[in-house]
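Heavy atoms only: backbone and side chains are in, while hydrogens, waters and symmetry mates are out. In this text the structure is predicted, and so the values were computed from the model without any measurement.
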Amino acid sequence: MKAGLGANSSNTSTESIQPVNLFRLSLATILHRKVWFVWLVLALVLPLVLPYMTPWEQDATILQPARAQAAWLTLWAGALTWGLFQGAGFGESLARRGLGEYFTTQGVSKWSQLAQTWCACFIAVVPLLVSALVICLVWALPGDHGEAMAWVWLLIQYAALFVLTFASLLVLAIALGTRLGLASGYLLVFGLALYGLYGVSFLDLFVRARKDVLLETIWAFSPHYHLSSDLTERLIFKSGSLPWGDFWQVFAYLAGLFLIHLGISYLSFKPNRA
């Protein structure tokens with residue numbers, strides 16, 4: 001009787017631990033590859049080095065905005081290249097190498113596999129975000145108290161919008177990685193990110209010039225990721241934080257976009273070959 005009870009207790013313990021195994025495996029794989037360390041070094045070094053390539057001798061006040069700009073551009077570069085590539089790669093591993101099928105047989109649901117993989121990849125990018133914030137707070141903080149407070153609030157707003165945008169793209173990269181493979185899944189999401197961050201702004205110029213209904217429709221239904229990166233200009237010119245009414249509108253839009261991506265990703269996620 002004791003043996004049976006012990007066996008049941010062991011099984012219950014195993015079942016309770018099982019759901020975190022995929023998260024631990026994914027995170028351990030990222031740490032083992034050590035590419036994260038290269039990006040972390042770049043995130044800390046580039047913002048301190050690149051500003052000295054500007055004509056700062058003529059105007060030393062441009063150093064701080066240049067550091068902030070370099071910090072966030074490095075963050076975006078790391079997130080859109082290495083971060084999304086990791087997500088698509090893990091997605092392919094789940095579908096093509098039998099990992100997803102294995103975890104499915106262990107009782108790990110489709111939703112849980114997607115969420116755990118997303119968490120591992122997202123956590124790996126968090127140090128890059130922290131690095132950007134540290135650079136801006138230590139080496140680019142304005143001296144005036146009022147400007148410094150506005151700077152801190154702007155950084156908080158920027159970080160929140162970045163998290164929403166990257167989270168949306170990452171979950172899509174993982175799901176499409178299971179469906180299309182590493183290369184196709186990554187390139188599709190990377191292209192979508194570039195379009196949402198930069199292409200939509202160019203499309204807006206054509207819409208204003210031509211007033212074409214088709215172009216206006218495409219623009220309206222396009223993912224406006226650029227709303228999360230527009231704050232870079234406010235850092236450069238020290239324009240202060242975004243008005244809170246405008247910030248919450250942008251936040252709500254990006255949150256809605258994240259939910260749409262999440263639904264598409266769940267439908268696209270294919271953890272096994274069947």
Side-chain angles (χ1 to χ4, degrees), residues 17-40 75-129 162-197 222-223 225 228 254-274:
I17 295 175
Q18 186 64 47
V20 302
N21 284 348
L22 178 56
F23 166 75
R24 291 177 178 176
L25 176 64
S26 302
L27 188 59
T29 302
I30 294 174
L31 295 177
H32 177 73
R33 290 172 178 169
K34 295 183 175 61
V35 180
W36 64 270
F37 181 74
V38 176
W39 274 107
L40 183 59
L75 171 62
W76 278 108
L80 297 181
T81 54
W82 172 67
L84 295 182
F85 190 82
Q86 287 289 328
F90 281 119
E92 182 186 52
S93 297
L94 286 172
R96 303 282 176 89
R97 299 180 184 177
L99 287 175
E101 186 173 358
Y102 165 75
F103 283 106
T104 300
T105 60
Q106 297 300 310
V108 184
S109 67
K110 174 180 173 180
W111 164 250
S112 181
Q113 291 186 44
L114 177 61
Q116 290 182 60
T117 307
W118 178 89
C119 286
C121 295
F122 184 82
I123 287 176
V125 176
V126 169
L128 303 185
L129 174 59
F162 168 82
V163 165
L164 278 177
T165 301
F166 177 65
S168 300
L169 293 168
L170 178 59
V171 72
L172 200 59
I174 296 170
L176 293 182
T178 65
R179 182 69 63 170
L180 304 176
L182 170 59
S184 299
Y186 168 70
L187 290 176
L188 186 60
V189 178
F190 182 71
L192 180 66
L194 291 183
Y195 171 70
L197 288 169
S222 296
Y225 303 129
S228 63
L254 293 176
L257 203 58
F258 171 70
L259 294 178
I260 294 174
H261 284 200
L262 192 60
I264 295 174
S265 300
Y266 181 78
L267 295 175
S268 303
F269 190 74
K270 185 182 178 183
N272 51 54
R273 300 173 184 174

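- With sequence neighbours left out, the side chain to side chain donor-acceptor pair (under 3.5 Å) criterion links T81 to no other residue.
- Residues L129 and F122 form no side-chain contact, since every pair of their non-hydrogen atoms from C-beta on lies 4.5 Å or further apart.
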Can you give each donor-acceptor pair under 3.5 Å made by side-chain atoms of residues 173-180, sequence neighbours left out, with the distance rounded to 0.1 Å?
unit_1, atom_1, unit_2, atom_2, d
T178, OG1, A175, O, 2.5
T178, OG1, K270, N, 3.0
R179, NE, S268, O, 3.1
R179, NH2, S268, O, 3.3

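- Under the side-chain contact (heavy atoms from CB on, under 4.5 Å) criterion, V38 pairs with L42, sequence neighbours left out.
- Residues forming a side-chain contact (heavy atoms from CB on, under 4.5 Å) with L194 (at least two apart in sequence, or on another chain): F190, Y198.
- Taking CG of N272 as the start and NZ of K110 as the end, the distance is 9.5 Å to the nearest 0.5 Å.
- You'll find the side chain of V125 stays beyond 4.5 Å of the side chain of L170, heavy atoms only.
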Let me have the donor-acceptor pairs involving side chains of residues 259-266, under 3.5 Å, with sequence neighbours excluded, atom names and distances please.
unit_1, atom_1, unit_2, atom_2, d
H261, ND1, S168, O, 3.2
H261, NE2, Y225, OH, 3.2
S265, OG, V171, O, 3.2
S265, OG, L172, N, 3.4
S265, OG, H261, O, 2.7

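- Side-chain contact check for V108 versus Q116: some heavy-atom pair is nearer than 4.5 Å.
- Put simply, the side chain of L197 reaches to within 4.5 Å of the side chain of L80, judged on heavy atoms.
- Evaluation of the side chain to side chain donor-acceptor pair (under 3.5 Å) rule for S228 yields T165 as partners, not counting sequence neighbours.
- The side chain to side chain donor-acceptor pair (under 3.5 Å) search around Q113 returns T104, not counting sequence neighbours.
- Residues passing the side chain to side chain donor-acceptor pair (under 3.5 Å) test with W36, sequence neighbours excluded: none.
- Rounded to the nearest 0.5 Å, atoms CZ (F269) and CG (L114) are 5.5 Å apart.
- Identified under the side chain to side chain donor-acceptor pair (under 3.5 Å) test for residues 117-129, with sequence neighbours left out: none.
- In this structure, F90 and T29 have side chains that are in contact, with non-hydrogen atoms separated by less than 4.5 Å.
- Taking 4.5 Å as the limit, some side-chain heavy atom of W76 sits within range of a side-chain heavy atom of F162.
- Shown here are the side-chain contact (heavy atoms from CB on, under 4.5 Å) partners of F85, two or more places apart in sequence or in another chain: L182, Y186.
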